[in-house]
Chemist: 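The following block contains the structure, expressed as structure tokens.
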Amino acid sequence: MTTITAPASLLEPARPSLARLSAVEIRKMVDTRSGRWMLILIALTAVAMMPVILFAVPEEDQTLLEFFTASQTGVSFLLPVIGILAVTSEWSQRTALTTFTLVPERPRVLVAKLFAGSALGALFVAVGLVTAVISRGIGEVTGRSDGSWTLTPGRIGLTLLFAVLTLLMGAAFGMLFMNSPLAIVMFFVLPTLWTTLGEVVSKLKGAAGWLDTNRTLLALSEPGTITGEEWARAGTSLLLWLVLPLVIGVIRLIRREVK
């Protein structure tokens, strides 16, 4: 009995690995003009903050931790925008048809985007660390810095966690609104509005202490040990500002028709 083998051209192509998809997503983030400028601005912000510490902070307070914290200013404000654009650019630049035709499993594409964004976040934490060490060294040589060189691995890990969380929040808002300008505006306006209400309305102050990420995530970027209550507050606020929009956004992304 003769066995007929289908030509190689008719066989189903191998599914791309998650690592390969993540590499593709990183390239897409870097190749767009808006994404490229965002990355440049994050790096320039880290460098621009160093003279501020050198000339505006007392010598004894110019610690390596102070420089490192200042280097992450751009990460806090601009990295979430990278997460938003990573999702919304598929629709605004009309690449969704190509992306989801080549990889029909949309959740895998989403996971690759999140991995790619997290990798960029880790990169900028590393860039900030190098920038902080160099700046602290310059301060030492010029006699402008007299603070501690201590920077624990735990603090670096918390900074990395903060960077990843902010990026994931941005991606969640991007999936929720599926529109770049709207998602960016809502990402900054809604938490700010909630912070303002928590300060103005006395009955909301208690809830704001648990649901305001501007307060609850502050512990991740401040010196000192995080208490169990602070972890609980951070987790509770992330349920509202990360998990909820992420779940709704994933459902929208999976169900949205590609045109």
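In what follows, every heavy atom counts, from backbone to side chain, and hydrogens, waters and symmetry copies are set aside.
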Chemist: Hey, what do you get for CG (L182) to CE (M186), rounding to the nearest 0.5 Å?
Modeler: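 It is 5.5 Å, given to the nearest 0.5 Å.
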
Chemist: Return the minimal non-hydrogen interatomic distance between V125 and F68, and the atom names on each side.
Modeler: O-CE1, 3.7 Å

Chemist: Is there a chain of hydrophobic side chains (I, L, V, M, F, W, Y, each step under 4.5 Å between heavy atoms) that links W231 to L240?
Modeler: yes

Chemist: Distance check, rounded to the nearest 0.5 Å: L151 atom CG versus T63 atom OG1?
Modeler: 8.5 Å

Chemist: With rounding to the nearest 0.5 Å, note down the distance linking CG in L78 to CG in L167.
Modeler: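 If I round to the nearest 0.5 Å, the distance is 12.0 Å.
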
Chemist: More than 12 foreign heavy atoms under 6.0 Å from CZ of F188: is that the case here?
Modeler: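 Counting neighbours around CZ of F188, more than 12 heavy atoms of other residues, nucleotides or ligands fall under 6.0 Å, so yes.
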
Chemist: Could you grab the distance from atom CD1 of I248 to atom CG of L253, nearest 0.5 Å is fine?
Modeler: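 Spacing of CD1 (I248) from CG (L253) equals 13.5 Å.
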
Chemist: Would N179 and T88 count as a side chain to side chain contact (heavy atoms under 4.5 Å, CB included) if you check the C-alpha gap in whole Å, the side-chain angles of each, and the deciding distance to 0.1 Å?
Modeler: CA-CA 6 Å; N179 180 279; T88 57; 5.7 Å; no

Chemist: Could you check whether atom CH2 of W37 has more than 12 heavy atoms from other residues, nucleotides or ligands sitting under 6.0 Å from it?
Modeler: no

Chemist: Under 4.5 Å between side-chain heavy atoms, hopping through other hydrophobics if needed: is there a path connecting W149 to F67?
Modeler: no

Chemist: Any side-chain heavy atom of L246 sitting closer than 4.5 Å to one from L168?
Modeler: no

Chemist: Would the distance check show the side chain of K113 and the main-chain N or O of A86 forming a donor-acceptor pair, the cut-off being under 3.5 Å?
Modeler: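 It does hold such a pair.
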
Chemist: Is the shortest side-chain N to carboxylate O distance from R215 to E199 below 4.0 Å?
Modeler: yes

Chemist: If you take all heavy atoms of E25 and V109, which pair is closest and at what distance?
Modeler: OE2-CG1, 3.9 Å

Chemist: Checking W210 against T216 for the side chain to side chain contact (heavy atoms under 4.5 Å, CB included) test, could you report, in this order, the C-alpha distance in whole Å, the side-chain angles of both residues, the deciding distance, and whether it holds?
Modeler: CA-CA 7 Å; W210 287 84; T216 60; 5.7 Å; no

Chemist: So does A70 get a backbone contact from the side chain of T73, meaning a donor-acceptor N/O pair under 3.5 Å?
Modeler: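 Judged by distance alone, yes, a pair lies under 3.5 Å.
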
Chemist: Can you confirm whether R252 is buried at CZ, in the sense that more than 12 heavy atoms of other residues, nucleotides or ligands lie under 6.0 Å from that atom?
Modeler: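 Yes, enclosed.
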
Chemist: Step by step, work out the side chain to side chain contact (heavy atoms under 4.5 Å, CB included) result for T213 and T195.
Modeler: CA-CA 9 Å; T213 53; T195 299; over 6 Å; no

Chemist: Which pair of non-hydrogen atoms, one from V164 and one from S118, has the smallest distance, and what is that distance?
Modeler: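 Scanning both residues completely, I find the closest heavy atoms to be CG1-OG, 3.7 Å.
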
Chemist: For A183 and I84, work out which heavy atoms get closest and say how close.
Modeler: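 That would be CB-CG2, 3.6 Å.
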
Chemist: Same hydrophobic cluster for V247 and V111, using side-chain heavy-atom links shorter than 4.5 Å among ILVMFWY?
Modeler: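 No, V247 and V111 fall in different hydrophobic clusters.
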
Chemist: Report the distance from atom CZ of F162 to atom OG of S76, rounding to the nearest 0.5 Å.
Modeler: 4.0 Å

Chemist: Check for a donor-acceptor pair, side chain of Q62 on one end and backbone N or O of I53 on the other, with a separation under 3.5 Å.
Modeler: yes

Chemist: Within the side chain of R144, is there an N or O that forms a donor-acceptor pair under 3.5 Å with the backbone of E59?
Modeler: no

Chemist: Answer yes or no: are there more than 12 heavy-atom neighbours, outside R36 itself, under 6.0 Å from its atom CZ?
Modeler: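 Result for CZ/R36: enclosed.
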
Chemist: If you group Ile, Leu, Val, Met, Phe, Trp and Tyr by side-chain heavy-atom gaps below 4.5 Å, do V52 and I42 land in one group?
Modeler: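 Cluster IDs for V52 and I42 differ.
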
Chemist: Parallel, tilted or perpendicular, judged at 30° and 60°: which one describes the rings of F173 and W241?
Modeler: parallel

Chemist: Any idea which heavy atoms bring A132 and M50 closest together, and the distance?
Modeler: CA-SD, 4.2 Å

Chemist: Enter the distance from L21:CG to L110:CG here, rounded to the nearest 0.5 Å.
Modeler: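 Atom-to-atom, L21:CG and L110:CG are 11.5 Å apart.
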
Chemist: Is there a donor-acceptor contact under 3.5 Å from the side chain of S237 to the main chain of A234?
Modeler: yes

Chemist: Donor-acceptor pair, R136 side chain versus T131 backbone, under 3.5 Å?
Modeler: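 Not at all, since once roles are kept as given, no pair shorter than 3.5 Å links the two residues.
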
Chemist: Run the side chain to side chain contact (heavy atoms under 4.5 Å, CB included) test on L244 and L239 for me, step by step, so that the C-alpha distance in whole Å, both residues' side-chain angles and the decisive distance to 0.1 Å come before the verdict.
Modeler: CA-CA 6 Å; L244 181 61; L239 287 176; over 6 Å; no

Chemist: Tell me whether S148 contacts the main-chain N or O of T150 through its side chain, where contact means a donor paired with an acceptor under 3.5 Å.
Modeler: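 Side chain of S148 to backbone of T150, a donor-acceptor pair under 3.5 Å: yes, one is there.
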
Chemist: Would you say that P107 contacts I254 through its side chain, given a criterion of any heavy-atom pair below 4.5 Å between the two side chains?
Modeler: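 Result yes, sub-4.5 Å side-chain heavy-atom pair found.
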
Chemist: Please report the shortest heavy-atom distance between L65 and R155, naming the atom on each side.
Modeler: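 So the two residues come closest at CD1-CG, 3.5 Å.
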
Chemist: Membership question, hydrophobic clusters at under 4.5 Å side-chain separation (ILVMFWY): are L41 and L85 in the same one?
Modeler: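 Yes, it is one cluster - the side chains of L85 and L41 are joined through contacts under 4.5 Å.
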
Chemist: Which residue in the set T166, T45, T159, L160 passes side chain to side chain contact (heavy atoms under 4.5 Å, CB included) when paired with Q72?
Modeler: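 In the set T166, T45, T159, L160, the residue that makes a side chain to side chain contact (heavy atoms under 4.5 Å, CB included) with Q72 is T159.
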
Chemist: Below 4.0 angstrom, N of the basic side chain to O of the carboxylate: do E230 and R233 qualify?
Modeler: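 So E230 does not pair with R233 through a salt bridge.
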
